[in-house]
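Since the structure comes first, as structure tokens, the remarks are kept for the end.
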Amino acid sequence: MARFEVHISDEGFAEIDGDPLVSEPGQSVHEAVLDQLQRYAQERGAAVEATVNDRPGAAHFALEMSPDGSSRILVPEEAPAPEPEPVLVASVTAPDLAEAPAPSAVATAIARARARAVAGDRVAAAPAQLSAGTIDLPAELAEPIGRINALAVVGRLDEAFADATALRERLTGSMGAEHPHALEARAVEAYLAHLCGEHREATVLALAVARIACGAGDDRAPEEVARAAAAWQRLDDDQAALTHGHELLHMWAKLERRGLLPPGHSELAEQVRRHVWALMAYA
């Protein structure tokens with residue numbers, strides 16, 4: 001079987017066996033690679049194999065392409081994988097947001113609520129009630145935050161989600177989407193969307209939090225990207241998973257270039273990268 005070596009740079013350029021590959025207008029570099037490998041297979045009338053190195057320093061993997069355009073990811077044992085591999089993100093430990101520095105009482109309250117919610121898998125482990133009497137919140141915010149927590153605790157998740165959305169919209173409108181209060185409110189909204197089973201919405205919201213954190217150089221950006229990946233892995237729409245998977249990889253690449261990727265997150269990024277390639281191969 002003919003074999004090729006594919007290299008893709010951080011800048012989005014590709015080479016196959018040292019020959020530069022030019023993408024067509026509107027075509028991604030990954031699509032260009034798959035199309036070229038299919039042409040090689042058609043020329044030979046047989047499947048070809050490629051070792052793909054997607055950006056410098058990343059672990060490589062093997063891809064088999066057939067003349068009809070069907071392809072498959074090969075596992076290390078060289079047996080074809082029947083389905084795209086599931087992505088496991090639970091191994092990445094998120095920090096205790098209750099201990100993370102917060103710029104105000106509002107952000108502290110939401111962060112603590114969020115930390116308690118993320119710590120458990122059941123509704124009973126959702127945020128405990130907060131009130132102006134226990135945390136120094138502005139009066140106009142103590143009531144909605146307390147209501148969100150109370151609704152989540154008793155399992156009225158749809159109402160809690162609706163209230164979190166309203167709070168995020170209110171804070172975004174008055175303070176801006178990048179304000180820490182609005183950003184933490186969006187994170188709570190994303191987690192409640194997850195609890196409600198709205199995984200596409202949870203992914204979009206969590207990605208927005210991660211995108212803003214990455215752009216601002218926030219120390220918590222790696223954890224926000226990991227949380228977005230946790231939401232992303234539950235998507236059952238392959239096209240949505242492909243689109244949002246590329247965004248996750250872009251943010252990880254940006255963090256890596258800045259030297260901000262903690263231990264363990266590179267492995268998570270590589271799992272997502274392999275899954276994205278598998279989705280592209282099966283598309």
Side-chain angles (χ1 to χ4, degrees), residues 6-14 28-30 52-61 85-103 107 110-111 114-115 118 176-191 194 199 202-235 240-280:
V6 177
H7 291 273
I8 300 176
S9 70
D10 283 337
E11 293 75 27
F13 300 108
S28 73
V29 65
H30 303 90
V52 180
N53 300 277
D54 194 351
R55 72 182 173 80
H60 62 265
F61 58 93
E85 296 177 5
V87 181
L88 303 177
V89 301
S91 60
V92 175
T93 303
D96 184 355
L97 297 185
E99 299 176 359
I110 299 176
R114 182 176 165 214
V118 172
E178 298 184 5
H179 193 282
H181 300 179
L183 199 59
E184 293 291 356
R186 190 183 298 269
V188 172
E189 184 185 11
Y191 186 70
H194 156 70
H199 301 307
T203 300
V204 170
L205 289 166
L207 280 170
V209 174
R211 191 184 310 117
I212 292 172
C214 285
D218 192 316
D219 290 342
R220 291 186 295 174
E223 307 305 335
E224 300 299 356
V225 179
R227 290 191 181 94
W232 170 84
Q233 72 167 340
R234 296 177 179 273
L235 293 175
L242 191 57
T243 299
H244 297 315
H246 280 305
E247 185 170 7
L248 284 169
L249 295 174
H250 175 72
M251 285 189 283
W252 271 314
K254 181 184 295 186
L255 292 172
E256 186 174 40
R257 286 195 298 271
R258 296 175 179 174
L260 299 177
L261 207 58
H265 287 241
S266 294
E267 288 78 2
L268 171 59
E270 191 56 40
Q271 290 180 51
V272 172
R273 185 182 309 280
R274 289 175 62 88
H275 192 69
V276 167
W277 270 96
L279 288 172
M280 292 180 63

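- Between Val209 and Ala187, the closest heavy-atom pair is CG2-N, 3.8 Å.
- Of the options His265, Arg220, Met251, Lys254, a side-chain contact (heavy atoms from CB on, under 4.5 Å) to Val225 is made by Met251 and by none of the others.
- Arg186 and Glu189 are not joined by a salt bridge, as no carboxylate oxygen comes within less than 4.0 angstrom of a charged side-chain nitrogen.
- Listed by chain and number, the residues in a side-chain contact (heavy atoms from CB on, under 4.5 Å) with Ala14 are Ile8, Leu21, Val29, Val33 (sequence neighbours excluded).
- Two residues are said to be in side-chain contact when any heavy atoms from C-beta on lie closer than 4.5 Å; Leu242 and Val276 meet this criterion.
- Residues satisfying the salt bridge (charged side-chain N to carboxylate O under 4.0 Å, His left out) test with Glu247, not counting sequence neighbours, are Arg211.
- Of all heavy-atom pairs between Ala221 and Leu255, the closest is CB-CD2, 4.0 Å.
- Going from atom CD of Glu224 over to atom CG of Asp219 covers 11.5 Å, rounded to the nearest 0.5 Å.
- Under the 4.5 Å side-chain criterion, counting only non-hydrogen atoms from C-beta, His275 is in contact with Leu279.
- Side chain of Trp252 to main chain of Ser266: no donor-acceptor pair is present (N/O by atom type, distance under 3.5 Å, no hydrogens or angles).
- Under the side chain to side chain donor-acceptor pair (under 3.5 Å) criterion, His194 pairs with no residue at all, not counting sequence neighbours.
- Between the CZ atom of Arg258 and the SG atom of Cys214 there is a distance of 7.0 Å, given to the nearest 0.5 Å.
- Rounding to the nearest 0.5 angstrom, the gap separating the CD atom in Glu270 from the CG atom in Leu249 is 9.0 Å.
- Of all heavy-atom pairs between Ala206 and Ala190, the closest is N-CB, 3.8 Å.
- The structure places CD of Glu178 at 11.0 Å from CG of Asp218, a figure rounded to the nearest 0.5 Å.
- Residues forming a side-chain contact (heavy atoms from CB on, under 4.5 Å) with Val204 (at least two apart in sequence, or on another chain): Arg200, His244.
- The two residues Ala228 and Leu248 have their closest heavy-atom pair at CB-CD2, 3.9 Å.
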